[in-house]
Protein chains: 2
Amino acid sequence: MTHTYRYPRPALAVDCVVFGLDEEDLKVLLIRRGVEPFAGRWALPGGFVRLDETLDEAARRELREEAGIEKVYLEQLYTFGAVERDPRERVVSVTYYALVKLSEHAVRAATDAREAAWFAIDDLPRLAFDHEAIVDKAIARLRGKVRYAPIGFELLPKKFTLTQLQRVYEKVLGHELDKRNFRKKVVATGLLIELDEVEQDVAHRAARLYTFDEKAYRKLEKEGFLFEI
Amino acid sequence: MTHTYRYPRPALAVDCVVFGLDEEDLKVLLIRRGVEPFAGRWALPGGFVRLDETLDEAARRELREEAGIEKVYLEQLYTFGAVERDPRERVVSVTYYALVKLSEHAVRAATDAREAAWFAIDDLPRLAFDHEAIVDKAIARLRGKVRYAPIGFELLPKKFTLTQLQRVYEKVLGHELDKRNFRKKVVATGLLIELDEVEQDVAHRAARLYTFDEKAYRKLEKEGFLFEI
DNA sequence: AAGGTTCGTGTACATCCTACACGTACACGA
DNA sequence: TCGTGTACGTGTAGGATGTACACGAACCTT
């Protein structure tokens with residue numbers, strides 16, 4: 001193998017902002033660092049990129065290794081390259097954000113001894129490195145994207161009620177939405193399939209369950225159609 | 001300096017998609033490669049990231065060195081990390097897109113012996129590496145962004161007519177716009193300053209000149225307001 | 001059986017988007 | 001100087017879309 005250049009090169013890492021939604025809040029998964037620098041501080045799950053894996057693969061591997069998370073919605077966010085962002089040496093980080101269904105992934109977050117926990121996005125601890133800037137960027141991207149792409153579904157279980165879906169949008173956007181108008185818009189997208197089931201074990205009238213219509217979505221996507229919520 | 005890890009690491013490059021607009025078309029700046037691999041093929045301007053510069057700085061440096069371009073609108077696009085994208089060795093590329101005022105930057109594009117030229121975006125030659133995918137992504141981003149951010153101005157000289165501005169949008173979006181509706185929307189943004197000048201040396205009634213109101217833009221930006229065109 | 005909780009639904013008004021045509025200004029050439 | 005060519009600059013009407021807003025029905029619990 002010939003080398004393209006022989007100058008020293010930055011280390012290359014991936015870091016992931018993993019969003020999840022529980023009953024109360026939109027949350028981010030953090031891992032407590034065991035080693036210096038920033039030992040004891042909370043940080044984003046992430047690690048170095050290997051030569052034989054793509055960036056996406058590296059991100060998924062780290063999610064698996066550090067948080068036991070698989071098969072999530074994952075999208076590249078931004079690449080952070082400030083010279084001094086890691087005090088040890090030059091490290092450039094390609095960042096991703098992921099959306100997970102907390103209901104299905106349970107709370108299983110600490111895999112290999114490391115401590116992991118979910119934090120509400122407006123109650124985050126101090127983070128290691130420049131990870132606060134990364135989280136900020138991820139939230140901004142999520143807020144922007146949720147309005148024209150159907151990513152709200154990624155935070156919910158397969159079957160969900162319209163009220164649950166509305167909660168997702170309210171939590172992500174940070175403000176309340178009108179129930180009737182929300183329903184009108186969301187069914188108008190044609191991306192929902194109405195099921196013949198209702199939610200179970202609730203102490204009131206049960207709501208109808210819906211599911212996301214992936215086929216319809218792929219069709220819309222191909223045709224380049226957009227929708228807004 | 002302690003090393004964070006001692007595994008082999010990918011080389012890290014930046015590549016730039018530089019957009020310019022002339023009388024006819026939206027164009028991209030390409031550079032003809034002199035060396036293998038892909039010797040003779042056209043490619044995006046770019047190069048390797050140094051340890052003492054940020055990614056943005058690396059991109060600007062390459063634009064200066066390879067194309068003589070300075071002070072342009074520059075924004076990070078995406079990071080490409082397929083394992084085999086460079087046949088020599090693993091190279092990850094952080095890509096940027098830039099908007100330049102062709103009218104002001106003249107045609108000065110070849111600085112250091114290398115051959116450089118502008119190509120209309122729907123008449124591109126075959127490109128080296130995965131640069132076609134990069135250009136595609138840049139065009140998609142530009143099309144999306146132009147609708148809610150005032151980047152059309154970056155492709156025009158300081159003083160421009162509304163017809164020129166409309167041309168920009170038409171070229172970028174790829175379809176024609178209604179003259180009256182376009183003007184209504186664009187003046188409604190409050191981002192234009194009407195000058196007491198008209199264009200010169202035209203063989204017909206001269207159009208009024210406008211300029212971009214950066215102050216108004218910064219204010220809008222702070223308040224988080226959006227606008228659409 | 002009564003009470004508590006969430007479900008599910010429609011309309012009226014304001015706003016925004018779209019489609020569309022013609023008289024005017026100016027330069028140029030005959 | 002007069003005619004011609006070209007791009008400039010302007011308004012309105014109709015349709016579509018977004019917003020604000022309240023209440024009876026269903027179902028579970030006690």
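Every chain is numbered from 1, with letters handed out A, B, ... down the list of sequences. Bear in mind the structure is a predicted one, so any value in this text is a computation, not a measurement.
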Residues forming a side-chain contact (heavy atoms from CB on, under 4.5 Å) with [X], sequence neighbours excluded:
| X | result |
| --- | --- |
| B:K219 | B:E223 |
| A:K185 | none |
| B:Y148 | B:K145 |
| B:A216 | B:L191, B:D213 |

### Query
How would you list, by chain and number, every residue that makes a salt bridge (charged side-chain N to carboxylate O under 4.0 Å, His left out) with B:E57, sequence neighbours excluded?
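Scan of B:E57 (salt bridge (charged side-chain N to carboxylate O under 4.0 Å, His left out), adjacent residues dropped) gives none.
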### Query
Distance only, no hydrogens: is a donor on one side chain within 3.5 Å (strictly under) of an acceptor on the other, for A:T163 and A:R183?
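The answer is yes; a qualifying pair exists.
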### Task
Kindly compute the distance separating CG (A:L63) from CG (A:L74), expressed to the nearest 0.5 Å.
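Spacing of CG (A:L63) from CG (A:L74) equals 6.5 Å.
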### Query
Any donor and acceptor pair, going by atom type alone, linking the side chain of A:T95 with main-chain N or O of A:L77 inside 3.5 Å?
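No, because the side chain of A:T95 does not come within donor-acceptor range (under 3.5 Å) of the backbone of A:L77.
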### Task
Could you encode protein contacts along nucleotides 25-30 of chain C as a string, one character per nucleotide from 5' to 3', using B for base contact, S for sugar-phosphate-only contact and - for no contact, with a heavy-atom cut-off of under 4.0 Å?
BBS---
### Task
Output the residues of residues 170-179 of chain B in contact with DNA chain D, where contact means a heavy atom of the residue under 4.0 Å from an atom of the strand; sort by number or write none.
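Listed by number, they are B:K179.
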### Task
Fill in the dot-bracket string of DNA chain C, one character per base: . for unpaired, | for a pair to another strand, ( ) or [ ] for pairs within the strand, taking Watson-Crick or G-U pairs under 3.5 Å.
||||||||||||||||||||||||||||||
### Message
Please confirm whether the shortest side-chain N or O distance from A:T163 to OP1 or OP2 of C:dC7 is below 4.0 Å.
### Response
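True: A:T163 side-chain N/O within range (under 4.0 Å) of C:dC7 OP1/OP2.
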### All pairs passing ring-ring contact (aromatic ring centres under 6.0 Å, His included) where residues 181-211 of chain B contributes a residue, at least two apart
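Applying ring-ring contact (aromatic ring centres under 6.0 Å, His included) to every pair that reaches into residues 181-211 of chain B, excluding sequence neighbours, yields B:Y169-B:F182.
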### Query
If you look only at pairs with a residue in residues 18-34 of chain B, which of them pass as a salt bridge (charged side-chain N to carboxylate O under 4.0 Å, His left out), with sequence neighbours excluded?
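As it turns out, the salt bridge (charged side-chain N to carboxylate O under 4.0 Å, His left out) pairs with a partner in residues 18-34 of chain B, which skip direct neighbours, are B:D22-B:K27, B:R32-B:E115.
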### Query
Between B:F160 and B:F153, is the ring centre distance below 6.0 Å?
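Between B:F160 and B:F153, the centre distance is under 6.0 Å.
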### Query
A:N181: what forms a side-chain hydrogen bond (donor to acceptor under 3.5 Å, both in side chains) with it, not counting sequence neighbours?
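Applying side-chain hydrogen bond (donor to acceptor under 3.5 Å, both in side chains) to A:N181 gives A:D178, A:K184.
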### Contacting residues from residues 180-190 of chain B, given that a heavy atom lies under 4.0 angstrom of DNA chain C
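Per residue number, the list reads B:R180, B:N181, B:K184, B:K185.
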